[in-house]
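The analysis underlying the following values was restricted to heavy atoms, covering all of them including side chains, and did not include hydrogens, waters or symmetry mates. Throughout, a chain's letter reflects where its sequence line sits, starting with A, and its residues are numbered from 1. Predicted, not measured: the structure shown is a model, and the values here were computed from it.
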Number of protein chains: 2
Amino acid sequence: MNPSTIPIVLIEDNEPYARALEKFFNLPGSAIDCRAIYGSSEQALVEIPKNPPAVALVDINLPGQNGMECIAQLKELYPQLVCLVLTMYEEDHLIFDALRAGACGYLLKRTPPAEIADAIQVARDGGSPMSPHIARQVVGFFHRSPPPKPDHSLTAREQQVLDLLIDGKAYKEIAHDLGVSIDTVRTHVRKVYDKLHIHSRTEIILKFGKKGR
Amino acid sequence: MNPSTIPIVLIEDNEPYARALEKFFNLPGSAIDCRAIYGSSEQALVEIPKNPPAVALVDINLPGQNGMECIAQLKELYPQLVCLVLTMYEEDHLIFDALRAGACGYLLKRTPPAEIADAIQVARDGGSPMSPHIARQVVGFFHRSPPPKPDHSLTAREQQVLDLLIDGKAYKEIAHDLGVSIDTVRTHVRKVYDKLHIHSRTEIILKFGKKGR
DNA sequence: GCGGGCATCGCATGAACATGCGATGCAGGA
DNA sequence: TCCTGCATCGCATGTTCATGCGATGCCCGC
């Protein structure tokens, strides 16, 4: 949308690779303005405050403090800074950790420079660019959770009570919320426990806890 | 990678929209072969087994059974079938539910047909196409989880107790596991509650529950 | 109209939990 | 040495849960 050039920095210790990217970004007519290359997380954290860019491309495997921690600290200082991971690694846990740390996107180094440039614009415009297989892994995270089970044949009322139990409400609150007596709540809870073969609220939350959050 | 045409179906009750897409996909030279349009989930579930496509584009808001359930059932019958959501809705919970149901990607109807065609190929090749803002919402799901916090200044012992509490163990079990008395466990739990400003095991699990799973 | 399923309410008991107060022994820093 | 933080143990009280047993009123299909 915004046609002005986008100021970015690279946090990357592989100098040849970084230089090549920088060169590409700074070609005449490019929408990207690569302002600096920082070879370490520490250097980036010192230099970035002097002239914050709009987007940072961050490698994960950095000397000293790794890219994940770097992103977490940058996001703490500049929540509006858009961080994209740019790495060779595509293991699940690295991807998830990076996203949790605050990364908005995750690109593999094998991505052609032109696509990286596109991704930077997408990210600046509020998107989350990801290499296709990375996206699939992220989506796979959701596939693993099997909560959409309308089975268990709970009655509507029982399901309501269950939901409130999961929210951590006391019987007293549940009774108030549903406008019934506390003993009625007890009865429903009992039925729920019977049907789900569990014996305590703790087990419920461990089984169903915090789903749609 | 595979240059052969990709057989797909549309599950979509907005007939004009579906017809227009079908027309576009079936233009000469297209990589997509749109074989059918099903106006309802029920119809799709009956017809698809007769001639399963590689990819299904599914609307969420369908008459009768909604698209989420449709995807869940299709994936159960044909785990290798690639389902892409194609909808106007972009609420968080719909996105997450769709992905949980088994969708591999999530596109908004405002996406240009050519990009939808690209997305179909990406999906067939193992990627997960998502409209940029959808991707950001998915990524936002990870941002919301704040697990990488080693803060809270819990002592090692308190952390141990906390972990066992989260596992759902009774004080008695915790005492046994740690080789201390139940009253000691009580003391530690109290300290943990104080430091984390909570008042019950339920709150703990709601806050920290099932993280690394 | 009778049997079932469901929602509602009640009582009772024992277990588990939350929390207030107090105490000892040990280590390491001021 | 004294102070502080930590881990340990103890007791007491009140609350919340889990669960067993029983009961009524409503609606629906056979």
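Around atom CD of B/Gln80, more than 12 heavy atoms belonging to other residues, nucleotides or ligands sit under 6.0 Å away. At most 12 heavy atoms of other shown residues, nucleotides or ligands fall within 6.0 angstrom of atom CD in A/Glu76.
Note on B/Arg157: only backbone sugar-phosphate atoms sit closer than 4.0 angstrom, heavy atoms only; bases stay farther off. Nucleic acid contact for B/Ser181: sugar-phosphate only, since backbone atoms but no base atoms lie under 4.0 Å from a heavy atom of the residue. Counting non-hydrogen atoms under 4.0 angstrom, B/Lys172 reaches the backbone sugars and phosphates but no base.
With no hydrogens or angles considered, no side-chain donor-acceptor pair links B/Gln121 and B/Arg124 at under 3.5 Å.
For the OP1/OP2 pair of D/dC9 and a distance below 4.0 Å, the side-chain nitrogens and oxygens of B/Thr184 include at least one atom meeting the criterion. Of the side-chain N and O atoms in B/Thr155, one or more sit less than 4.0 angstrom from OP1 or OP2 of D/dA7. Of the side-chain N and O atoms in A/Tyr193, one or more sit less than 4.0 angstrom from OP1 or OP2 of D/dA18.
The CD atom of B/Gln160 sits 14 Å away from the C1' atom of D/dT8 (whole-angstrom rounding). Atom CG in B/Leu178 sits roughly 8 Å away from atom P in D/dT8 (whole-Å rounding). Atom C1' of nucleotide D/dA18 and atom CG of A/Asp194 are separated by 11 Å, given to the nearest angstrom. Whole-Å rounding puts the B/Asp183 CG to C/dA23 P distance at 16 Å. The distance between atom CD1 of A/Ile204 and atom P of D/dC17, rounded to the nearest whole Å, is 11 Å. Rounded to an integer number of Å, the gap from NE2 of B/His197 to C1' of C/dA18 is 17 Å. If you take CD1 of A/Ile182 and P of C/dA7, they are 19 Å apart, rounded to a whole angstrom. Put simply, CD1 on B/Ile205 is 10 Å from P on C/dC17, counting in whole angstrom units.
Side-chain proximity of B/Arg190 to the nucleotides C/dT19, C/dA18, D/dT8 is greatest for C/dT19. If you check D/dT19, C/dA18, C/dC11 against the side chain of B/Arg186, the one that comes closest is C/dA18. In this structure, of C/dA12, D/dC9, C/dA7, it is D/dC9 that holds the atom nearest to the side chain of B/Val180. Of the candidate nucleotides C/dC9, C/dA18, D/dC21, C/dA18 has the atom lying nearest to any side-chain atom of B/Tyr171. Considering only side-chain atoms of B/Ala170, the nucleotide from D/dC17, C/dC21, C/dC17 that sits closest is C/dC17.
No N or O donor and acceptor, one from the side chain of B/Ser200 and one from the base of C/dC17, sit under 3.5 Å apart.
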Name each donor-acceptor pair under 3.5 Å that joins a side chain in residues 181-190 of chain B to protein atoms two or more places apart or in another chain, with its distance.
residue: B/Ser181; atom: OG; partner: B/Asp183; partner atom: N; Å: 3.2
residue: B/Ser181; atom: OG; partner: B/Thr184; partner atom: N; Å: 3.2
residue: B/Ser181; atom: OG; partner: B/Thr184; partner atom: OG1; Å: 3.3
residue: B/Asp183; atom: OD1; partner: B/Arg186; partner atom: NE; Å: 3.4
residue: B/Thr187; atom: OG1; partner: B/Asp183; partner atom: O; Å: 3.1

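Each of B/Lys191 and A/Thr202 lies near DNA chain D, and the nucleotide nearest B/Lys191 is the one positioned closer to the 5' end.
Considering only heavy atoms from C-beta on, B/Ile134 comes within 4.5 Å of B/Leu108 through its side chain.
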